[in-house]
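Side chains are part of it too, since the values below use all heavy atoms of this structure and drop only hydrogens, waters and symmetry mates. First the proteins, then the strands, lettered A, B, ... as listed; each starts at 1.
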Amino acid sequence: MKPSGSWRTPGTPGTPGASSTPGSVAEAVAVQEELRPLVDLVGPGPSAPATVAGLDVAYAEGGDLLAAAVTVLDARTLAVVDSAVGVGRPAFDYVPGLFALRELPALLGALDRLTTLPDLLVCDGHGLAHPRRFGLACHLGVVTGLPSIGVGKTPLVGTWDPPSAERGSWSSLRDGGDVVGRVLRTRDGVKPVFVSVGHRMSLENATAQVLALTPRYRLPETTRTADRLCRDALAEAEQAG
DNA sequence: GCGACAG
DNA sequence: ATCTTGTCGC
């Protein structure tokens with residue numbers, strides 16, 4: 001039972017603390033500050049990725065059991081072409097801003113079990129739209145070396161003006177003088193999502209990719225398929241033991 | 001000091 | 001995240 005530590009194609013070999021879990025809040029913050037400079041903000045990322053991965057985690061009632069899932073979709077048809085899921089334990093208590101430490105080991109474990117190496121990771125949470133500009137999407141991107149973006153359902157930091165009601169409209173998400181993301185309307189008249197860059201992606205491209213992944217629903221198909229997979233896996237795990 | 005706070 | 005009752009609309 002290897003924990004989660006290695007990655008097939010490390011973007012930055014020898015990255016310290018990349019996938020080991022800190023033992024305290026102070027250590028967790030230190031890990032984020034240490035890895036933050038490794039984020040590639042130049043991008044621009046693939047304009048026409050062949051495959052896009054969605055990542056999500058589901059928790060059992062007690063919060064002591066979780067299932068992490070990754071689904072890989074054909075970017076053109078949005079069909080699932082590969083997937084991996086695994087159950088485990090949260091690696092850290094939930095603390096806003098340190099959320100990534102909680103799910104990272106389980107997600108890396110699932111990524112390791114993929115047969116396909118996706119061209120882009122779409123994370124359920126924020127990237128740069130984070131107090132220290134190092135949310136889950138940045139962390140996963142740096143550790144895997146893959147282009148990544150974050151799509152959050154609710155804000156963590158920042159202020160914004162409401163985008164107009166039509167799908168495709170957006171407004172800048174600003175925090176501390178920085179544009180850290182976009183508030184993007186993916187469906188007409190429906191609550192927007194919060195898009196931010198994770199790693200090796202431009203904000204413009206991240207926006208385009210999210211729109212390509214939302215032909216019908218508010219959330220990206222990647223997120224929806226991963227959500228279903230980890231929920232099902234969690235239900236099975238709870239029945240089994 | 002008080003509220004807010006990804007999932 | 002997860003739980004929950006009810007409501008509106010396709």
d([atom1], [X]; [atom2], [N]) in whole Å:
| X | N | atom1 | atom2 | result |
| --- | --- | --- | --- | --- |
| A:Phe99 | B:dC5 | CZ | P | 16 Å |
| A:Leu101 | B:dA6 | CG | P | 15 Å |
| A:Tyr59 | C:dC3 | OH | P | 14 Å |
| A:Leu184 | B:dA6 | CG | P | 20 Å |
| A:Leu140 | B:dG7 | CG | P | 15 Å |
| A:Glu61 | C:dT4 | CD | P | 7 Å |
| A:His130 | B:dG7 | NE2 | P | 13 Å |
| A:Asp124 | B:dA6 | CG | P | 12 Å |

Query - Short side-chain N/O contact to B:dG7 OP1/OP2 from A:Lys153, under 4.0 Å - result: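 True: A:Lys153 side-chain N/O within range (under 4.0 Å) of B:dG7 OP1/OP2.
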
Query raised in the report: Can a side chain N or O of A:Tyr94 be found less than 4.0 Å away from OP1 or OP2 on B:dA6?
Result: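 Affirmative; the distance criterion is met.
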
Remember a base hit wins even if backbone is also touched, and classify [X] as base, sugar-phosphate or nothing at under 4.0 Å, heavy atoms.
| X | answer |
| --- | --- |
| A:Pro131 | nothing |
| A:Leu66 | nothing |
| A:Ala58 | sugar-phosphate |
| A:Gly63 | nothing |

Query raised in the report: Side chains of A:Thr214 and A:Glu221: closer than 4.5 Å at any heavy-atom pair?
Result: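 When only atoms from C-beta onward are counted, A:Glu221 and A:Thr214 do not touch, as no gap falls below 4.5 Å.
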
